[in-house]
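Heads up, the thing below is written out as structure tokens.
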Amino acid sequence: IVLWLQLGWVSSEQEVNQSPGALTVHEGDSLFLNCSYTDSAIYFLQWFRQDPGKGLTSLLLIQSSQREETSGRIKVLLDKTSRHSALYIATSQLGDSATYLCA
């Protein structure tokens, strides 16, 4: 079974870049999605997922003072110095197919 994940972006006036733009993984594989941003004065960063035709669902919110936050199979890493965050999903499942966004 193959999962298909897409990255979108949400931002106010700051630039947010995510990579890869789309990703295909096999069920059971782990994966990283990346997010870089330009604002050096962030207080928190939040990752969302969006299923087709539905609204955003919050996955994890990480404060700028934290380096990582975990909930179940999902981990968010934050490196404020390099202005980078990564979303890690362990042991992917078919239900993980969605668009993922950082803000």
Next item on the list: For residues 34-91, pull every pair meeting disulfide (SG to SG under 2.5 Å), keeping only residues two or more places apart or in separate chains.
Entry: C35-C102

Check: With F44, which residues qualify under ring-ring contact (aromatic ring centres under 6.0 Å, His included), at least two apart?
Finding: none

Item checked: side chain to side chain donor-acceptor pair (under 3.5 Å) between Q63 and Q66, worked out -> CA-CA 5 Å; Q63 296 179 1; Q66 297 175 281; 5.1 Å; no

Margin query: Taking the side chain as everything from C-beta on, heavy atoms only, tell me whether L101 gets closer than 4.5 Å to Q50.
Written below: yes

Checklist line | Main-chain N/O of V25 paired to S92 side chain as donor or acceptor, under 3.5 Å | finding: no

Check: Where do L45 and L61 land on the side chain to side chain contact (heavy atoms under 4.5 Å, CB included) test, with the steps shown first?
Finding: CA-CA 6 Å; L45 186 136; L61 177 124; over 6 Å; no

Next item on the list: Could you list all the disulfide (SG to SG under 2.5 Å) pairs where at least one residue sits in residues 50-84, not counting sequence neighbours?
Entry: none

Notebook entry, point to check: Are the side chains of L87 and L59 in touch, meaning some heavy atoms are under 4.5 Å apart?
Noted result: yes

Check: For residues 53-90, which residue pairs qualify under disulfide (SG to SG under 2.5 Å), counting only residues two or more places apart or in two chains?
Finding: none

Notebook entry, point to check: For D51, which residues count as a salt bridge (charged side-chain N to carboxylate O under 4.0 Å, His left out) partner, sequence neighbours excluded?
Noted result: R49

Note to self: Quick test of your reading: applying salt bridge (Lys or Arg N to Asp or Glu O under 4.0 Å), list the pairs with at least one residue in residues 70-79, sequence neighbours left out, ordered by first then second residue.
What the structure shows: E68-K75, R73-D96

Check: Do the side-chain N and O atoms of W47 and S58 include a donor-acceptor pair separated by under 3.5 angstrom?
Finding: no

